[in-house]
Protein chains: 2
Amino acid sequence: MTIYNFSAGPAVLPEPVLKKAQEELLDYKGSGMSVMELSHRSSLFEEIIADAEKLLRKLMNVPENYHVLFLQGGASLQFSALPLNLAQNKKALYVNTGSWAKKAIAAAQAIDNVHTKVIASSEDRNFTYIPQVSKEQIDQDAAYLHITTNETIGGISYQTLPDTGNVPLVADMSSNILTNEYQVKDFGVIYAGAQKNIGPAGLTVVIIREDLLNEQALFAPMLDYRLQAQSHSMYNTPPTFSIYMAKLVFEWLQDLGGVSQILKYNQQKAGLLYETIDRSDLFQNPVNKEDRSLTNIPFLTDSDALNQEFIQLAQQQGFENLKGHRSVGGMRASLYNAFPFEGVQALVDFMQEFEKAHGGE
Amino acid sequence: MTIYNFSAGPAVLPEPVLKKAQEELLDYKGSGMSVMELSHRSSLFEEIIADAEKLLRKLMNVPENYHVLFLQGGASLQFSALPLNLAQNKKALYVNTGSWAKKAIAAAQAIDNVHTKVIASSEDRNFTYIPQVSKEQIDQDAAYLHITTNETIGGISYQTLPDTGNVPLVADMSSNILTNEYQVKDFGVIYAGAQKNIGPAGLTVVIIREDLLNEQALFAPMLDYRLQAQSHSMYNTPPTFSIYMAKLVFEWLQDLGGVSQILKYNQQKAGLLYETIDRSDLFQNPVNKEDRSLTNIPFLTDSDALNQEFIQLAQQQGFENLKGHRSVGGMRASLYNAFPFEGVQALVDFMQEFEKAHGGE
């Protein structure tokens, strides 16, 4: 039975990447050592991390004046590190678009000397849309405006970025980094947990514009962006194997033609699923059409029992992790870069059968 | 050519563990998914993390009233997290035994409301011994006394623990966790980066006594021990593959007979190398004999040029990562649990040949 893994993260990885990792797991490039056994100060590992950075810079068209950091702790640690580095004794502006934005906001609010302000929210309609932000709403002396480019749980994403004037735009891009053609130059800081589109859990990518590095040393060295930038992400031992896996994923993506190509592929995958939902009398997607996510697609029937039955039957047929998050209910298909089109085709076939069996056409 | 990897970390892993990981890299237990692709909320992964904890508890004889946390960021992040959780507005006592102790001390000193006090140091003799600490030196109202049970760079380790009275003893055990028969009940907190005796880099183990969990929520959720304990290390996505690898290493260690057996093995390995050094007229180990580390053994000749030659020749014969840290110079052999006895035998043979070739006997 073919397994299709719709997990929201950790998520499916490209099969060629896993095969390559398997092949060289005990002997990396004839060294007689596993990548996991390499000293992070060895020339073999230094090459891996340098290549990973080079590839990511190319894929995302990262300008020269941005640092690329490979850190740990997930986006959740960045929720705290970001305001500590950029917004002490300043205003930090946030847009509240759902579960992940709320966590970022709460972490900023927990820091005494950060003046956190939520300037827009879509909580009034259970986070089913991206709220508009006009330039007039943005205090021009704020340290940044923080957005969550894609809400993994709600299934909404930014198609166009807010105009912030001179205020740096900061983004948690965990669930749609490398799936969209966002331009790094439009952001001051981008951060993302790896476990959706980059590699295994345990790696966090931070891309930060040079002039936004903290001026004063932070009390916690591991959270200090300038120190991490100066140390080329090697202030301490980095998550070496995860960085190696990320490098393999970047190579795979490069070989496929980069982000512009994968975007087309993602549009085909998401397009097919949204069309099927929109044509269906049984399933619906609760999100405002213009704000629909390419990577996380919630869908549900109007009956909890039927949703439950769908999830169970689907799992029996090899569709894994389709259960939606409890705050939305129903089902959710996460279609990250490595998720194959055939899996979406198989899912929509299954949805149509299911609908027929339950009295639809 | 057989490769022997003397790296101080990331370090050699048990071959059976790497083989097992390789075998199931694309298909964990018939799931059709890699461990790296499993949702951290899936039953398959929940079993992995529960087993990892159970095994570690058994191996280290962890009492019921201690929490075991699987975190990220290395010991370096704990250098900050520890005083933030335990010592705000309190005294934090430290023993300075070398490079790693110094980093822990500096991180505590960087926090305004922690009153950091170094009560003993071996800096006077370039950290070649463990300084004595008497109970009288320990303020009984201090939050803790922090020690580094093994200094990876200096090659010294604690054979007996200081008597701290009622003050919790806290240890950075990164480089000798699971290699010694330290008793968890003698510590308030133990923390360790995984990349020496546990698994790949990117995982940090924290073992903390229930009553030492912070009373007030910390401003940074990811650093909050109580929150991490309540979330069973799943406040956010944990480093799933690293935890899986740790589980495999724990199983391997259990199968070998646990810590008491590996300790004997480690004593044989280190014993052979120390004997060879002590018998040699060319090589010497700078450390006080009673304080010698089982896991990190520096040795050097009195000539930098000769050290250099030794390292180069050794590498040509498959002895990797023997170069000592620049602060000590010369060579260093790290002999963690997974390092094989045959590798030490081969090294001492090579040392004897080298000595003969350079006019020794």
Side-chain angles (χ1 to χ4, degrees), chain A residues 1-3 5 7-13 15 18-19 21-22 25-26 31-34 36-40 42 72-77 79-81 84 103 106-107 110-112 193 195 199-203 217-223 235-242 245 318 320-321, chain B residues 1-3 5 7-13 15 18-19 21-22 25-26 31-34 36-40 42 72-77 79-81 84 103 106-107 110-112 193 195 199-203 217-223 235-242 245 318 320-321:
Chain A
M1 184 169 66
T2 307
I3 299 296
N5 180 6
S7 173
V12 60
L13 287 163
E15 199 177 334
L18 288 171
K19 283 192 169 153
Q22 184 179 44
L25 200 79
L26 274 89
S31 67
M33 295 178 272
S34 173
M36 291 180 241
E37 300 175 308
L38 296 178
S39 165
H40 59 298
S42 66
Q72 295 183 59
S76 294
L77 188 56
F79 293 161
S80 301
L84 285 170
K103 286 203 166 187
I111 303 167
D112 278 343
Q195 65 272 18
L203 172 65
L218 215 62
F219 64 92
M222 284 294 290
L223 304 184
Y235 174 75
N236 74 341
T237 313
T240 52
F241 185 73
S242 301
M245 288 297 297
E320 289 284 346
N321 295 306
Chain B
M1 184 170 65
T2 306
I3 299 296
N5 179 7
S7 174
V12 60
L13 287 163
E15 199 177 335
L18 287 170
K19 283 191 170 154
Q22 184 179 44
L25 199 79
L26 274 89
S31 66
M33 295 178 272
S34 173
M36 291 180 243
E37 300 176 307
L38 296 179
S39 165
H40 58 300
S42 66
Q72 296 183 59
S76 294
L77 188 55
F79 294 161
S80 301
L84 285 170
K103 285 203 167 188
I111 303 168
D112 277 345
Q195 65 271 18
L203 172 65
L218 214 63
F219 66 91
M222 285 293 290
L223 304 185
Y235 173 74
N236 75 339
T237 312
T240 52
F241 185 73
S242 300
M245 287 297 296
E320 290 283 347
N321 295 306

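Note: hydrogens, waters and symmetry copies are ignored here, and every other heavy atom, side chains too, is used. On a predicted model such as this, the values are computed, not experimentally measured, just so you know.
Within the 4.5 Å cutoff, the side chain of B:His40 has heavy atoms near those of the A:Pro10 side chain.
Using a 4.5 Å cut-off between heavy atoms, B:Phe79 does not touch chain A at all. For A:Ala21, the parts lying near chain B are the backbone and the side chain together; criterion is any non-hydrogen pair under 4.5 Å. Looking at B:Ala220, the atoms closer than 4.5 Å to chain A (heavy atoms on both sides) sit in the backbone and in the side chain alike. Within the 4.5 angstrom heavy-atom criterion, only side-chain atoms of B:Met245, from C-beta onward, approach chain A. With a threshold of 4.5 angstrom between heavy atoms, A:Leu38 approaches chain B through N, CA, C or O but not through any side-chain atom. Heavy atoms of B:Lys103 lying under 4.5 Å from chain A belong exclusively to its side chain. Interface remark: B:Ser34 contributes side-chain atoms only to the contact with chain A (heavy atom separation under 4.5 Å). For B:Thr2, no part lies near chain A; criterion is any non-hydrogen pair under 4.5 Å. Looking at B:Leu223, only its side chain comes within 4.5 Å of chain A, counting heavy atoms on both sides. Contact of B:Leu77 with chain A is made through backbone and side chain together, with heavy-atom distances under 4.5 Å. At a 4.5 Å heavy-atom cutoff, B:Ala217 makes no contact with chain A through either its backbone or its side chain.
In terms of non-hydrogen atom pairs under 4.5 Å with chain B, the most contact-rich of A:Ala11, A:Gly74, A:Ala107, A:Ala81 is A:Ala11. Interface summary for chain A: among B:Leu26, B:Asn321, B:Thr237, the most heavy-atom pairs under 4.5 angstrom belong to B:Leu26.
A donor-acceptor pair under 3.5 Å links the side-chain atoms of B:Asn5 to the main chain of A:Glu37, judged by distance alone.
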Original post:
Between A:Gln195 and B:Phe241, is a side chain to side chain contact (heavy atoms under 4.5 Å, CB included) present by the stated rule, with each step listed?
Top reply: CA-CA 11 Å; A:Gln195 65 272 18; B:Phe241 185 73; over 6 Å; no
